[in-house]
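Source: prediction; values computed, not measured. Counting starts at 1 for both ligands and their atoms, in listed order. Starting from 1, each residue takes its place in the sequence as its number. Computed over heavy atoms, backbone and side chain alike; hydrogens, waters and symmetry mates excluded.
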Amino acid sequence: MNPAQQPAAPAPERLQELCSLARELAVAAGGRIMRDRPDRLAITTKSSSSDVVTQMDSATETFLRQRLAQERPRDAVFGEEGGLQDGVGEITWVLDPIDGTVNYLYGIPEYAVSVAAVVGDPNSPGNWRPVAGAVAHPEAGLVYSAALGQGAWLYRCSFEEGAGPVAEPQRLRPSGADSLDLTLLGTGFGYRADVRRRQAEVMLQVLPVVRDIRRGGSAALDLCSVAAGRIDAYYERGINPWDYAAGWLLVTEAGGVVSGVGAQDPGPNGLIAATPDVHPALRELLERVTA
Ligand code: LIP
């Protein structure tokens with residue numbers, strides 16, 4: 001989005017309030033998901049038989065919506081499971097109650113709660129941007145958060161009821177990767193077979209020119225890893241605003257670069273997040289092989 005067209009962001013002190021609330025809600029929801037996981041998860045499916053929603057996805061989003069109705073009654077809410085609930089203010093909360101649902105279903109500890117405050121319309125690619133957000137990783141005892149212009153931070157955190165950060169936060173910085181051939185690239189794949197086939201064809205051309213790929217199963221945690229320098233870049237096509245709204249801000253506030261594919265901002269053609277030195281070459285490669 002052209003900076004001159006970007007919706008205005010709230011004042012810095014309000015951004016910090018939004019960031020603190022996002023962190024508090026992500027941690028509270030993350031604790032519930034981890035503590036209250038039933039032995040047998042009831043599931044339904046969405047776009048395909050492998051695109052599952054568990055009862056905890058739905059219950060967690062309901063919890064987040066209830067807390068936002070108390071704390072921020074004027075704001076809109078846009079969640080993976082419940083869709084858009086209009087508001088009257090300039091902030092929309094974009095929620096992924098469990099990012100990495102399949103990991104959660106299988107008991108793989110790589111899942112997250114993503115809570116972001118955005119300005120603009122998150123349903124309109126190029127016409128919105130995150131201004132505060134948090135990603136909670138309950139199984140790791142971590143929560144990542146950022147506010148526009150105020151850096152990206154990692155907190156060690158207790159996820160016991162009513163608990164929170166247990167130490168001073170660490171500032172997040174991306175890796176120093178500066179060449180594609182030494183880039184460790186995170187990626188992911190969709191739930192539909194035809195989409196996965198095309199994504200695999202793209203990876204056939206990308207895999208030989210990067211160091212290696214990693215497929216963690218949560219876009220939000222992949223973006224946290226770019227912000228923290230645990231991987232050098234991340235690319236995925238077909239993810240949704242709730243998957244990446246908070247992670248987008250974490251990467252840019254840490255000093256990384258985020259774009260779309262063939263577009264300035266992330267959207268239906270994909271999201272590219274990388275170190276500043278890797279991003280141009282990775283974007284050129286992906287725009288060429290996906291053209
Ligand atoms: C997941 C994304 C991940 C993608 C998965 C899935 P969900 O979101 O975070 O990056 O590769 O296919 O879309 O469905 O767990 O919220």
Under a heavy-atom criterion of less than 4.0 Å, does Tyr244 contact ligand 1?
-> no
Sub-4.0 Å atoms of ligand 1 with respect to non-hydrogen atoms of Ile98 = 16 (O)
Ligand-side contact atoms (ligand 1) for residue partner Ala219, heavy atom cut-off under 4.0 Å = 2 (C), 3 (C), 9 (O), 10 (O)
Establish, from distance only, whether the side-chain atoms of Asp99 and Ser218 form a donor-acceptor pair under 3.5 Å.
-> yes
Any donor-acceptor N or O pair under 3.5 Å, side chains Asp75, Trp93 = yes
Output the list of atoms in ligand 1 that are nearer than 4.0 Å to some heavy atom of Thr101, sorted by atom number.
-> 15 (O)
Between Val135 and Ala246, the two heavy atoms sitting closest are CG2-CB, 3.8 Å
Pick one: which of Leu250, Val251, Thr252 meets side-chain contact (heavy atoms from CB on, under 4.5 Å) with Trp248?
-> Thr252
Would a distance-only check, ignoring hydrogens and angles, find a side-chain to backbone donor-acceptor pair under 3.5 Å from Arg215 to Phe189?
-> yes
Sub-4.0 Å atoms of ligand 1 with respect to non-hydrogen atoms of Tyr234 = 10 (O)
Just by distance, with hydrogens left out, do Ser179 and Asp181 show a side-chain donor and acceptor under 3.5 Å apart?
-> yes
Per-atom contacts of ligand 1 with Asp243, taking only distances under 4.0 Å to non-hydrogen atoms = 8 (O), 9 (O), 16 (O)
Note: ligand 1 atoms sitting under 4.0 Å from heavy atoms of Ser218 are 9 (O), 10 (O)
So is Thr187 close enough to ligand 1, meaning a heavy atom under 4.0 angstrom away?
-> no
Contact atoms of ligand 1, heavy-atom distance to Asp99 under 4.0 Å = 1 (C), 2 (C), 7 (P), 8 (O), 9 (O), 15 (O), 16 (O)
Proximity of Trp242 and Phe78 rings by center, below 6.0 Å = yes
Using a strict 4.0 Å cut-off to heavy atoms of Gly188, name the atoms of ligand 1 that fall inside it.
-> 11 (O)
Under the ring pair (Phe, Tyr, Trp, His ring centres under 6.0 Å) rule, collect the residues that match up with Tyr235, sequence neighbours excluded.
-> none
Structural part of Tyr111 in contact with ligand 1, heavy atom criterion under 4.0 angstrom = neither
Counting both backbone and side chain atoms, is some N or O of Val102 under 3.5 Å from an N or O of ligand 1?
-> no
When only distance counts, is Gly100 in polar contact with ligand 1, meaning an N/O pair under 3.5 Å?
-> yes
Considering the options Gln264, His279, Glu287, which one meets the side chain to side chain donor-acceptor pair (under 3.5 Å) requirement together with Ser259?
-> His279
Would you say Arg215 and ligand 1 have an N/O pair spaced under 3.5 Å apart?
-> yes
